[in-house]
Amino acid sequence: MERMLDWLKISEQKMLIWANRRPAGGKKHGLLGKWLNTVTHMGGATFTLATALIYALLAPAPWSLTGWQCLTAVIISHLPVAIVKKKFKRLRPYQALPDVNTGHKPLVDPSFPSGHTTAIFAWLVPILLTSGVWFTVMLPIVLIIGVSVGWSRLYLGLHYPSDVAAGALIGTVTALAVNYSWVSSAVGLH
């Protein structure tokens, strides 16, 4: 069992180093770096909470309901994140590994799970579930944004892949539970 855990840890570190690298030259790499440095903010509390509240207050139905679901899911999803971060206190990659690239003003709280990834998935899932006939158009957009925010956390040296995976799972499950609760209360299942 210990050998398997060591292998998983080494594999995760290799994946992180690959996602965190800064290849020299080329417009493609420059654009990717700019994209990841920008899209990461979509997973922040300011973006997810503010846009969800704007949706809730200003959008027409059914999008106003979606805004309330996004807001509720983001808030609720951060309860387990806070508890797990206090329990595990995992160092961020740039704190634990040599030569990890990071931006200026890196976060110092524990890395597991990724709060940004949790928030973006808690915010995106209700939007996807409301998209109706636009589902096939929205699915790739939602996946690109969600995966980009998750990847950006590796690129910035702030999270390990397991932090991001756990965040995506927490955000998605919370959003699905919020949506189910809303739908079942609307049809009288409670």
Between P80 and I170, which heavy-atom pair has the shortest distance, and what is it? CG-CG2, 4.0 Å

Less than 6.0 Å separating the ring centroids of W123 and F47? yes

Could you grab the distance from atom NZ of K14 to atom CD1 of I17, nearest 0.5 Å is fine? 11.5 Å

Which pair of heavy atoms, one from V100 and one from G157, lies closest together, and at what distance? CG1-CA, 3.6 Å

To check you understand the geometry: which heavy-atom pair defines the closest contact between A122 and A73, and what is its length? O-CB, 3.5 Å

Quick check on the hydrophobic clustering: are M15 and Y155 connected, directly or via other members, by side-chain heavy-atom contacts under 4.5 Å? no

Roughly how far apart are L124 CG and C70 SG, rounded to 0.5 Å? 8.0 Å

Nearest atoms (heavy-atom pairs only) where L107 meets L158: N-CD2, 3.9 Å

Apply salt bridge (charged side-chain N to carboxylate O under 4.0 Å, His left out) to residues R92 and D163 and explain how you reach the verdict. CA-CA 10 Å; R92 291 182 180 271; D163 301 342; over 6 Å; no

Identify the residue among L169, V81, V164 that makes a side-chain contact (heavy atoms from CB on, under 4.5 Å) with P113. V81

Short side-chain donor-acceptor distance under 3.5 Å, R90 and S162: yes

State, yes or no, whether a side-chain contact exists between L16 and P161 at a heavy-atom distance under 4.5 Å. yes

Strictly by modelled atom types, are W63 and T130 linked by a side-chain donor-acceptor pair under 3.5 Å? no

In this structure, which one of T117, N20, T40 forms a side-chain hydrogen bond (donor to acceptor under 3.5 Å, both in side chains) with R153? T40

In short, V137 meets P140 closest at the heavy-atom pair O-CD, 3.3 Å

Under 3.5 Å, side chain of T102 to main-chain N/O of L156, donor-acceptor pair present? yes

